[in-house]
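A quick write-up on the structure given underneath.
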Amino acid sequence: METTMSTAADSATTGGHEAPRIAINMDGHRETAPRNAAKARAEGLSFHYGAHRALKDINLEIPERMVTALIGPSGCGKSTFLRCFNRMHDLTPNTRYDGAIHFYPDDFNLVAKDVDPIEVRMRIGMVFQKPNPFPKSIFENVAYGLRLRGVSNRALLEEQVEAALRSAALWEEAKDRLQASALTLSGGQQQRLCIARALATRPEILLFDEPTSALDPIATAKIEELIAQLRDQVTVLIVTHNMQQAARVSDFTAFMYLGELVEVGDTSRIFTNPSKKATEDYITGRYG
Amino acid sequence: MATPALPSNDLQTVRRDVASRKVRDQLFVVVGLLALFACLFSLLVLFSKLVMDGSDRFTWEFVSSFPSRRAAQAGILAAWVGSSLVMLVTACTAVPVGVMAAIYLEEYAPKNWFTGVIEINVTNLAGVPSIVYGLLALGLFVYKFDLGQSIVTAGLTLALLILPVVIVATRESLRSVPRAIREAAYGLGATRWEVTKDHVLPYSTGGILTGMILGLSRAIGETAPLITIGALAFIAFLPTPPLTDVAPYVSFTWLTDPFTVMPIQMFNWVSRPDPAFQSNAAAAGAILLGMTLLMNAVAIYIRYRFRKSINW
């Protein structure tokens, strides 16, 4: 089962199901990139933990300002794949990337050895499975990424923190308690704070690693609504074990199984008319 | 062959069974409390004996006088000032060195056999008898570096002694910062040093300070290594004051002054035949114990404060 069953061409043909909108974009040069153009493209990507090959020759295109969902049973490598995009695996010794993830429009390979992971993480943000705010004030949580980039002007920080909190739909709840500890927020609010923290540095891609698995249904609904809105600003790649969630929030869905990409396509097509038997079995709940 | 029957589930049997098991449960409570009281009781007896023996010496004169040949006039001024200054040198050297070593081992060092050996050795160093550190200091600081039998020699010796304690406590504290927090910071593009300085270190300050104080409260009672390097038992003057009235207003000559410390002063008095000195020793002992308890109380308070503001 070493063949790659799906390619970037697949997702390209399914694109354009929706008229491109003018992006309300904060960052100049990205407004020119048309929605649905390739933002990133994995090409023959394999990933190894020591001798174990966790990802096998993955080819997948991530379209600009669209939501792409990665689904599949536990252990299929979807989180591993997601973490390649911001080089989180570099924190674990004995790991190796093969192949490439091309990043557009600059067109360089995100997982190349000579590309600094810090540079990659400054452009590709991540929201984790469990809300992980810093035990600092709400304001400092959101401002941290900007502070790392050397921003120290108070007025500029305040303006950017407000913008990020608004984008994360947290401003109304947090504006009167910006100096309160982030740990005083509820779980759902903490996760939206983490989204604001990631948005503050204006990432070009935002990665979500099962962002609602630790949240209750109401908080989950809010995060999903937020992700749907975020697609106007940022390219989203989301891992979820919840198929309904993938169906609700994503434009494209990729199904992974045993470290391989089985099938990718328009979300509505994947869920109504999958072309691979394995995808159909997973979606209809036969395993997973 | 008949298989043994399961115990019956009727009311009487179940109640009898539970009752007999609860007796054993209660039995353990009794044994545990006995063990606990044995410890506390002996400590209490020791402390109250010290306080009673030294009761007539808890005066301002005792704290503010130099040692004397006459027991009634002898005091611990030189000893407690010496102890405080030595602790200052110890804290100022052991804490930065220990914390930096721990950060390197925990955050930077690659996990291989070499760092494994270092780790095991650091842990083992905590068990090295203190007199061995005294011998090391005698050869290294006193003779080789020619620092003399001074406060700085004593401070550095005790710093070596508590370094493993500081390193182990710091590492444990660093390790308690969840991986998720590190990932959050790395995910925003922070470097290793930024993650350490902005997050890991601030969030583990409570544990680091606790380790520091526990180390110092061990060091303050140490006698053997200081006797080895040649601390004097009879000192009738104070070190040069660290603050002066001429610029630059700070002086470091006190570092090279001879000194004595509380436990050595006690040892000196205990070894005298005159029973009046015994009550001096007891009073000094009670004060030293009080200092240690105070340091531990501070450590507990710090830990409590940090636990309250940071719970993961």
Side-chain angles (χ1 to χ4, degrees), chain A residues 79 82-83 85-94 116-137 140-150 164 180-184 190-191 193-203 206-209 214, chain B residues 102-119 170-210 302-312:
Chain A
S79 283
L82 187 84
R83 285 166 161 259
F85 282 80
N86 70 345
R87 301 276 295 270
M88 267 298 155
H89 297 303
D90 289 39
L91 302 177
T92 316
N94 263 327
D116 195 311
I118 291 166
E119 175 194 330
V120 172
R121 292 176 199 141
M122 287 175 77
R123 300 182 65 175
I124 300 180
M126 182 157 181
V127 175
F128 297 83
Q129 196 165 1
K130 261 181 74 187
N132 55 357
F134 302 130
K136 297 180 186 265
S137 70
E140 283 307 324
N141 264 277
V142 184
Y144 185 66
L146 295 166
R147 287 198 190 279
L148 284 178
R149 285 155 178 78
S181 165
L183 299 177
T184 61
Q190 288 187 9
Q191 194 61 304
L193 180 69
C194 293
I195 295 174
R197 181 174 67 189
L199 284 174
T201 55
R202 299 180 178 180
L206 195 48
L207 309 170
F208 288 88
D209 188 2
Chain B
I103 289 174
Y104 179 78
L105 277 177
E106 198 58 38
E107 306 288 324
Y108 284 81
K111 302 278 172 269
N112 55 27
W113 67 269
F114 183 68
T115 48
V117 169
I118 291 180
E119 255 165 58
T170 303
R171 290 193 64 189
E172 231 142 72
S173 193
L174 296 176
R175 216 175 298 153
S176 72
V177 175
R179 191 183 159 87
I181 292 290
R182 295 166 206 262
E183 285 190 341
Y186 280 119
L188 289 165
T191 61
R192 263 193 305 199
W193 172 239
E194 283 161 345
V195 173
T196 306
K197 129 185 108 74
D198 296 337
H199 302 286
V200 177
L201 213 44
Y203 309 153
S204 46
T205 313
I208 294 173
L209 289 178
T210 311
I302 289 173
R303 191 160 37 188
Y304 166 76
R305 278 294 302 275
F306 275 86
R307 285 271 160 81
K308 228 169 65 168
S309 63
I310 295 176
N311 49 46
W312 306 110

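In what follows, chains are A, B, ... by sequence order, proteins preceding strands, each numbered from 1.
B:E194 and B:T191 share a side-chain donor-acceptor pair at under 3.5 Å.
When the side chain to side chain contact (heavy atoms under 4.5 Å, CB included) test is applied to B:S173, the partners found at least two apart in sequence or on another chain are B:S204, B:I208. Listed by chain and residue number, B:R171, B:R175 satisfy the salt bridge (Lys or Arg N to Asp or Glu O under 4.0 Å) test with B:E106 (two or more places apart in sequence, or in another chain).
Residue contact with chain B, scored on non-hydrogen atoms closer than 4.5 Å, is absent for A:L207. The part of B:R179 that comes within reach of chain A is its side chain, from C-beta onward, which places non-hydrogen atoms under 4.5 angstrom from that chain.
In terms of heavy-atom pairs under 4.5 Å with chain B, the best-connected choice from A:M122, A:R197, A:M126, A:R147 is A:R197.
Distance check, rounded to the nearest 0.5 Å: OH of B:Y203 to CG of B:L174 gives 13.5 Å.
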